[in-house]
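Below is one structure, written out as C-alpha cells; the observations come after it.
Numbering of residues begins at 1 and proceeds along the displayed sequence. Remember, it's 1-based here, ligands and their atoms both numbered in the order they're listed.
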Amino acid sequence: MIQSVMPTYARAPLTFVKGKGSWLIDENSEKYIDMGAGIAVNVLGHAHPDLVQVLQKQAENLWHTSNLYNVSNQKKLADVLVEETFAQTVFFTNSGTESMECAIKMARKFHYEKGMPERTKIITFEGSFHGRSIGMISAAGSEKLTKGFGPLLPGFVQIPFGDHEALIAEIDETIAAIVIEPIQGEGGILPVPDQCLKGLRDCCDENGILLIFDEIQCGMGRTGKLFAHEWAGVEPDIMAIAKGIGGGFPLGACLATSNAAECMTAGTHGSTYGGNPLATAVGLEVMRHVNTPAFLNNVNFLASNFRQSLEALVANHPTIFKSVRGSGLMLGIECVVPNIDVVNAGYDNKILTVPGGANVIRLLPALNVSMNELKEATQRLSATASKLEASL
Ligand SMILES: Cc1ncc(COP(=O)(O)O)c(C=O)c1O
C-alpha cells in the first residue's frame, strides 16, 4: 500500500514530540540523548529559549514579504557574515542544495561574463554530497544518488578523493570551478588535509579557476572555528552554508567575494522565501551565540575530551568499532559491524547517532552540549557495543 508520506527515507520507528537541549522525548515519554542534532542542524540544541523568543517575536510582527522589498533581518545577517568571513556578499536560500545551486550558477556566469564561455566544467570529488537536485546529484555523481534519474546535468567531473594526479590531469581552460567539502560529511567524516586545501587554492589561482567550499555540514562552529576552512588558513571564492546557520529553522546561504559575485546582477537569480524575516531572525540569533571566542573555545574543549573518550571506547570494543576520525564535534566512528546495526542498537540504549558513508556512525551533537552529556553518550555507546558483542 502506498504510504501518505513518500517513503524516500528508511525511517527509524521513532516519533519525537518534544526536545530540550541535547535531549529528545518520544511519544511514549522515553528520553533519548541526541548525538545527531538533526544531522548537524540544531547547533544550539532543541528549543533554545533565545531562539524561541526571537522566532516568536518575529512571528508576531512579520512573516514574509518576498525579496521584492528590503528584508531588514536579511541585511543584518548578511552584514554579520560579511564581517566575519572571506565574503563580501551573500545570497540567502532555504537549504543546502539551493546554496550549492547558487554557487555553481555563479561560477559559470562569472566566466561567461569575463568572456570565457567555454569555462563551464566543475570538478568535484568522489564520495562528496552536495544535495538532491538534478544539478547536485550530477555534481556528486555517485551511482547511489544518480541511478535512474538521468539524463544528468553535463559538465561535472568527479576526481577520486585525495588523488592529486587525477586532479592535475583534469585542469584545463574548460574548468570553471573546483567544489570541495573541507570535511566530507555524508561520505563518512573524511577531513581534507590542510595542505590539500592550500594546494587546491594555489591550483585555482594559477589556472583562473574558482574555488567553492561546501560547508553546509562542517561549518557554523562545528569544528571549533566558525568555518572549517579557517583551520587551513585558505579562503574560497564562494561558499555554500545551511544546516547550522538556522539552528533548525530552514535557512541557507551562498557567500562570495565581490569578484566572484560581480556577475550576479538583478534578475540573474532568486528565491521566493530565501532569507525571509523569520529565518534570518533566527540566523542572526544563532550567529550571536556561536560566533564568540568563548563559544568556539568551548567547542574545542568539549571536542578534545569527547574524542579521547571515543578513542578509549573504540579500544574497548575492537569487534564493533575500528577507529575515530573527524574534527571538533564532527566525529565519525568507523565500525567493524554494519554501521546501521550500531545506530539501531543505539535506539535501545536511547542514543541517537547518524549513519554515514564508509561504514561510519556520525556524532554531530549540539555545540552547546555539556561535558556530562557527552560522558553519558559515551556510556550509552559502550552499552550499545556490549550488547552487539553479546550477539556476535
Ligand atoms: C555537505 C552537504 N552539502 C549539501 C547538503 C544538502 O543540504 P540540504 O539537504 O539542506 O539541501 C548536505 C546535506 O546533508 C550536506 O551535508
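- The shortest N or O to N or O distance between Glu98 and ligand 1 is not below 3.5 Å.
- Using a 4.5 Å cut-off on side-chain heavy atoms (C-beta onward), Asn276 and Val71 make no contact.
- Taking the six-membered ring where the residue is Trp, His317 and Phe321 present perpendicular rings, their angle passing 60° and hence far from 30°.
- The Thr97 neighbourhood of ligand 1 comprises atoms 6 (C), 7 (O), 8 (P), 11 (O), with distances under 4.0 Å to a heavy atom of that residue.
- At a 4.0 Å heavy-atom cut-off, ligand 1 touches Asp214 through the side chain alone.
- Residue Ile216 has no N or O atom closer than 3.5 Å to an N or O atom of ligand 1.
- Considering only non-hydrogen protein atoms, atom 16 (O) of ligand 1 sits nearest to Gln217 NE2, 2.8 Å.
- The shortest N or O to N or O distance between Phe129 and ligand 1 is below 3.5 Å.
- Aromatic rings from His64 and Tyr273 are positioned such that their centres are separated by under 6.0 Å.
- Listed by number with element, the atoms of ligand 1 under 4.0 angstrom from any heavy atom of Gly96 are 7 (O), 8 (P), 10 (O), 11 (O).
- Counting heavy atoms under 4.0 Å from ligand 1, residue Arg132 does not touch it at all.
- Within the 3.5 Å criterion, the main-chain N or O of Met35 finds no donor-acceptor partner in the side chain of Arg362.
- At least one cation-pi condition fails for Arg11 and Phe16: the charged atom is not both under 6.0 angstrom from the six-membered ring centre and inside a 45 degree cone around its axis.
- Among protein heavy atoms, the minimum distance from atom 13 (C) of ligand 1 is reached at Lys243 CE, 3.3 Å.
- Counting the atoms of ligand 1 from 1 in the order shown, those under 4.0 Å from a heavy atom of Ser95 are 10 (O), 11 (O).
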Chi angles and distances behind the ring pair (Phe, Tyr, Trp, His ring centres under 6.0 Å) call for His289, Phe295 | CA-CA 7 Å; His289 280 266; Phe295 188 93; 7.5 Å; no

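- Only the side chain of Glu181 comes within 4.0 Å of ligand 1, judged by heavy-atom distances.
- Judged by distance alone, the side chain of Asn349 and the main-chain N or O of Ile351 form no donor-acceptor pair under 3.5 Å.
- With Ile123 as the fixed residue, the side-chain contact (heavy atoms from CB on, under 4.5 Å) test singles out one of Ile171, Val179, Ile209: Ile171.
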